Each structure stands twice: as C-alpha cells, then as structure tokens.
Novice: 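One structure coming up, written as structure tokens, with questions to follow.
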Amino acid sequence: MTNTASSTHFIRARRGYTRRRTANAVMLVLTGLTTALALIPLFWIIGYVVYQGGQYLTPAFFTELPTPPGTEGGGVWNAIQGTILLVILAGLFALPPGLLAAFYAAYYPNTPLGIAVRFSTDVLAGVPSIVIGLFLYALVVVVQGHFSGLAGGIALAILMLPTIIRTTEEMLKLVPPSLREASLALGAPEWKTSLQVVLPAAGNGLITGFLLGLARASGETAPLLFTALGNEWFDFRSLIRSGLESGMNPLEILVRIIEQPVDSLPLTLWKYAQQPYPERIHQAWAAALVLMAFVLAVNIFARLWILFRARRMKG
Amino acid sequence: MLTLANDLSRPLPMVRTGAVPAKEEEAAEIQTLPVKIDIRGLSIFYGKFRAIAEVTMAIPAHQVTAIIGPSGCGKSTLLRALNRMTDLTPGAHAEGDVILDGENILGPGVDVVPIRQRVGMVFQRPNPFPKSIYDNVAYGPRLYGVRKRVELDGIVERSLKQAALWDEVKDKLQQSGMALSGGQQQRLCIARALAVEPSVILMDEPASALDPIATLKIEDLMQQLKSEYTMVIVTHNMQQAARVADYTAFLMIDGERAGRLIEYGPTSRIFTKPEKKETEDYVTGRFG
Ligand SMILES: Nc1ncnc2c1ncn2[C@@H]1O[C@H](COP(=O)(O)OP(=O)(O)O)[C@@H](O)[C@H]1O
Ligand SMILES: [Mg+2]
C-alpha cells in the first residue's frame, strides 16, 4: 500500500522532472540565441568599420592636415587635435561643478536643493544634444560673433555633466558612512573628510564615470555643429608659432587657440561622408575607425582600471 | 580635576543608585576616584522622539565603564553624545550637561574639534580608511599639523604598539589597512584613535563583529589601555561587561520608549547584588 503510493508518487515526480529539464534546455538555447542576436550588431559594426576604414589608414592620415577636396592624400590631424582640445576643455568645465553637485546631492539628498539637483540632472540627461549646441550658439557664438572651440567645449561639458553627477553621486553613496564618521570622530572638518577619505574611497568609480563621460562626449557631433563648426587648418603648432612671432604671451596664445573654430573626428566624419569625392568618403571611414577605436580603448581601460583597483583595495 | 569626594554638591553615584552598603574600603576607594566625564540630566532627542531621558552619571578616570542594556535602549546615543557625534545626525539635539574635565562640552559656542581630539571613538564595525596602515594611523596627527616624517613615524609606532598590533604589521606598514583581518582592522582603528593622544576612548560594541579570539584580544587591550585612558564601552554582551568593566551602567526604555539609567555602580555589585528588579532580570538573562 505504502509502496505503491510512494512509487506512483515517484513516477509522477520523474515525469515532472523530465518536463522541467526539457523546459530548462529550451530556455537555455533561447537565451543563448537572443544573446548572440544582441551581440551580432556590435561585432558587425566593429568588423565593417575595421574593414572599410582599415584600408585607408595611412600614417599621413594621422599627421597631415586635409588637402583640398577631390585630391589624394592628406589626413585629419586637425580633427585629432581638435578632439583633444575639446575633450580637455569639456573635462575642465564639467569636473568641478559636477563633483560639487554630486557631493551635495549625496550628502543632502532630502533637502530641496538636493532634490532639485537630482531632478535637473535627469532632465538635462534627456535634453537632445543638438539643443545644447543651439543653446551655446545663442549664448556664446552669437555673443562673441564667431564659432570657437570654447563654445564646443562648454557644450560637451554640459552634455557630460549628468553622467558625471550621477556616477559620482552613486559612487559616493557606496562609500560606507562609517568611514566618514571615523574621520569626523577624529576631529576632521567635513571638507577634509570629503576630500581625503570619501573621495579616495569613491575614486575608482569616479574616474571611470569621468572617463566614460569623456568618451561619450568625444563621439558627439550634434552639439558641435553650431559651436566648434569645424576648421580644416586647425593646428596647435602653427597657432603657437604665429602667436610667438607676433609677440604674444602664453596666455594670449592659449586664448587664441580656444577662440578658434575647431574640428573633431565625429564632425569630420559627418562632413566628409556627405561630400561627392571618393577620397573624402574613404577618409570618413578611416575617421570612423579611429573614433571607434578611441572610444573602445577608453571604455576598456576604464573597466580594467576598476577591476585592478578593486582587487588591490581588497588586498 | 574634580573628584567625587570633593564634589559633594550632588549625590554620589553609589548613593544615588541606592547601593547595597558597599564594603567600607570599596566606598572609600570609589570616593577618591577622579571624575573624568560628569553627565548631568542628559536627554537626547531625535526630532521630537526622546531617545534617552535624564541620564545622570559620573564616569571615573582610568577605569573601564560599560554601558549595557537591551537593543534600542539608547546606549549608542548616550555614547555618541560624549564626543558630540550627535551633532552629525540631522534633527538631533541634547539637553543637560556633559562635563569633560570640568568643561561643559554641550555648552554654547564650544568647538567640537578639540573635544573629538580628547575623546576618541571606535565603532562597531572595523572601519579603516582605504589607505595604507601607516596613513590610517597618521591621518589624525596630520590633521593636527604634524608634518615631519620622523615625528609621524614615532607616533605611528607608539600607537600601533599600544594597540598591540605593531608586531603583526611592522613589516607591511605601506599595505592597505583593508587587507588586514577583522580583528586586526579593529585594532588598527584603535591605534588610529590613540594617535591623536586622546584621554578618553569610546567604544561602541567594538567586538560584536569579531570572532572569539579577536574579541579576547580587544578585551585584553581595554584592560591595558585603562592605565592611560578612560574607557567607556557599549556592549550588549553581559559576559563581556563582567569581564572587562570596572563600573557598569544599565539602561532600559521606559513607557515612552526613552532610555533611562536604571542602575549604575561597580560591575561586581551590578552583577551579583543588583538593587533593581529590572537589572536583576536583565543580568540573569531573563529578558533582553
Ligand atoms: N539617527 C537616528 N534618528 C532617529 N532615531 C534614532 C537614530 N538613532 C537611533 N535612533 C533611535 O533611538 C533609540 C536608541 O537607539 P540607539 O542609541 O542606537 O540604541 P542602542 O545602541 O542601545 O541599540 C532607538 O529607538 C533608535 O531607533
Ligand atoms: Mg548601538
């Protein structure tokens, strides 16, 4: 009696088991397939850009200014320098206010200003980047009467701001409050505690957030259309040389550099891809490859950095 | 310095808690103990909620005083008032007096920095900074302007020795403090607190996150440190209080959930001849 009961129970359980195993296998295959599906575009894009752009990568591409449209040769040295300038400017403009806002939002989350910081950060993150470009056009370009790297740098800084504030805030919240207390209990003032204990403890995350923000900003085209505009003759060396020849001091030269319209890789890509000259189309592909490689490199570096530092912190 | 004997304007702790007549020599000894921190009518509020109510007790210098009581009775709240950590909680405020070496640290316009230098704190969970062992200990002295390397080296060595950690870490001072074991981390935190030369050390359940062996080391350390420091520890472990404390204060919540001091006196008496029914129930493990 007991025997029969338990054996039918067993058989029923067996049947349920087989069904579960089958369902499990099917789901496993499905998730594997969809994952592959999601990865296909990524590798396709990378592969295609490498294939198309790789053929036209020459040393001259990195070191020479553009030649007139429709002629062979030349490079995008102007755009590479311009990208470097824009990224530095954007980083300089975005970092201090971003850090301070993040500290405020993390320390005083429930005050009106703290809530306002979080809310406006979210809104800013949703503003189309071209609108930011337009805003800087009205605010800087129109006022100054000319396009400039300065205006482009500010536009990119505003674009980076939400990323920096959000990641910094998240990272600061991850720092155990007991660390802050330990420092304050020793008699340290709040600002020293933030600078010497909280910031270093959040450091890895902050650097990563900053790098990811920079990488994203360096790939933006739209905010630069009305601000940096583009400049096929942009070259640090000649700007510095002509500045020195006309007797300018380093500060004046610096101002002159950031007051120039500049090019950037995505801007160049966008412009060249629309031109009817095959050389320019080829260079657009090559620029796409360089841009992609740069952004990928920064991303990978940032993530490796986290991994490495996290391990070292744990000892 | 104030002593219990010459401060007759108010009842002595023994008398106030209505002690079982202590042996004469014990009473004499207690009366000559200098008072380090004199807590008078201290109430602490979180917003409108009164977490502890009218606590009055005198903490003797160079002794280990334990604060015991059920969870949530305000032990941490009381302890944190002793170096003004209460200030860090938005909406918290204190009423009453906490007199450290004759000065009311709750008085108007008192600077917290020198108070926190004199009254160090060790927390429940070891919380070393994500810095090297050396920089953890040197953090406090640097804060107070010590810059010279030799001087810092000396302070670091002295503090780590006092915290009984020197032998274990002297060859790896530049390694991260986070890489140490839990017990070592807690001793590092003690060394960090000692480095600014406080005279009082507050410890809030300093061993509750540690294994038994690490706990014993911390308890030994408390005994050693009391010759130079006044120790106030919070513990929910009664055996620990019985092992390490010279004096024990028992706190419990009243009908309004405010923590009140039920009984305070020499540890041996609190544990063997408690005067109040609540104390007896608690120390014999009948509740809490
Ligand atoms: N920051 C705070 N804000 C509001 N209430 C608090 C805060 N900290 C503690 N309390 C309350 O005060 C009471 C005493 O807490 P605490 O001092 O931490 O007790 P214990 O350390 O004895 O467990 C508890 O009821 C607790 O909920
Ligand atoms: Mg507590």
Side-chain angles (χ1 to χ4, degrees), chain A residues 99 103-118 167-168 170-209 305-315, chain B residues 76 79-80 82-85 87-91 111-133 135-144 172 175-181 184-185 188-190 192-198 201-204 209:
Chain A
L99 277 187
F103 262 105
Y104 195 92
Y107 280 8
Y108 308 104
N110 298 321
T111 57
L113 193 54
I115 293 167
V117 166
R118 202 134 2 96
T167 39
T168 308
E170 291 310 315
M171 292 304 146
L172 290 178
K173 279 195 197 144
L174 287 182
V175 176
S178 66
L179 279 186
R180 186 172 155 233
E181 283 204 320
S183 169
L184 295 171
L186 286 166
E190 191 88 66
W191 66 269
K192 256 189 195 171
T193 303
S194 299
L195 224 57
Q196 296 189 1
V197 176
V198 180
L199 207 55
N204 307 322
L206 298 195
I207 292 168
T208 318
W305 170 286
I306 288 198
L307 226 86
F308 171 72
R309 287 291 303 255
R311 198 163 301 151
R312 221 181 51 173
M313 261 1 286
K314 271 190 226 124
Chain B
S76 300
L79 194 75
R80 289 164 65 89
L82 303 185
N83 70 345
R84 294 267 303 261
M85 292 299 278
D87 294 16
L88 302 183
T89 309
D111 184 6
V112 297
V113 172
I115 292 168
R116 291 186 185 153
Q117 182 264 311
R118 278 150 68 199
V119 185
M121 188 153 201
V122 175
F123 298 81
Q124 185 164 358
R125 301 209 148 265
N127 55 358
F129 299 136
K131 298 174 185 287
S132 71
I133 294 171
D135 287 338
N136 260 282
V137 184
Y139 182 81
R142 282 185 176 133
L143 215 56
Y144 293 98
K172 48 177 184 180
Q175 282 182 23
S176 170
M178 319 263 285
L180 298 172
S181 73
Q184 289 174 324
Q185 286 189 13
L188 177 61
C189 294
I190 294 175
R192 180 177 64 190
L194 296 178
V196 297
E197 301 184 0
I201 307 279
L202 311 175
M203 296 188 174
D204 192 348

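Worth saying up front: this structure is predicted, and the values here are computed from it rather than measured. Order of the sequence lines sets the chain letters (A, B, ...), proteins ahead of strands, with each chain counted from 1.
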Novice: Please classify the contact between B:L143 and chain A as side chain, backbone, both or neither, with a heavy-atom cut-off of under 4.5 Å.
Specialist: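 When you check distances to chain A, atoms from both the backbone and side chain of B:L143 fall under 4.5 Å.
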Novice: With a 4.5 angstrom heavy-atom cut-off, could you sort out which part of A:E190 is near chain B: side chain, backbone, both or neither?
Specialist: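 Neither part; nothing is under 4.5 Å.
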Novice: Can you tell me which portion of B:R84 sits under 4.5 Å from chain A's heavy atoms? Options are side chain, backbone, both or neither.
Specialist: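 Neither; nothing under 4.5 Å.
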Novice: Non-hydrogen atoms of chain A under 4.5 Å away: do they reach the side chain of B:P198, the backbone, both or neither?
Specialist: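 No part of it gets close to chain A.
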Novice: Please report the closest heavy-atom contact between B:Y139 and A:L186, naming both atoms and the distance.
Specialist: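 What the structure gives for the nearest pair is CD2-CD1, 3.7 Å.
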Novice: Count the heavy-atom pairs under 4.5 Å between each of B:M121, B:Q175, B:R192, B:Q124 and chain A, then report the option with the highest count.
Specialist: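 Ranked by heavy-atom pairs under 4.5 Å with chain A, first place is B:R192.
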Novice: Identify the residues of residues 170-179 of chain A whose heavy atoms come closer than 4.5 Å to a heavy atom of chain B, ordered by number, or report 'none'.
Specialist: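 A:S178, A:L179, listed by number.
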Novice: Which one of B:M85, B:R116, B:Q117 has the most heavy-atom pairs closer than 4.5 Å to chain A?
Specialist: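 Answer, by heavy-atom pair count under 4.5 Å with chain A: B:R116.
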Novice: Look at atom CZ of B:R125 and say whether more than 12 heavy atoms of other residues, nucleotides or ligands are closer to it than 6.0 Å.
Specialist: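 No, not enclosed.
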Novice: Between B:Y144 and A:G187, which heavy-atom pair has the shortest distance, and what is it?
Specialist: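 Closest approach of B:Y144 to A:G187: OH-CA, 3.5 Å.
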Novice: Minimum heavy-atom separation for B:N127 and A:A182, please, with both atom names.
Specialist: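 Residues B:N127 and A:A182, closest heavy atoms: ND2-CB, 3.4 Å.
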Novice: Pick one of side chain, backbone, both or neither for B:V119, based on which atoms fall under 4.5 Å of a heavy atom in chain A.
Specialist: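 Backbone only.
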Novice: Are any of the side-chain heavy atoms of B:F129 and A:Q196 separated by less than 4.5 Å?
Specialist: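 A side-chain contact under 4.5 Å is absent here.
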Novice: Which atoms of B:V112 are under 4.5 Å from chain A, going by heavy atoms: the side chain, the backbone, both sets, or neither?
Specialist: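 For B:V112, there is no contact with chain A at all, as no heavy atom is under 4.5 Å.
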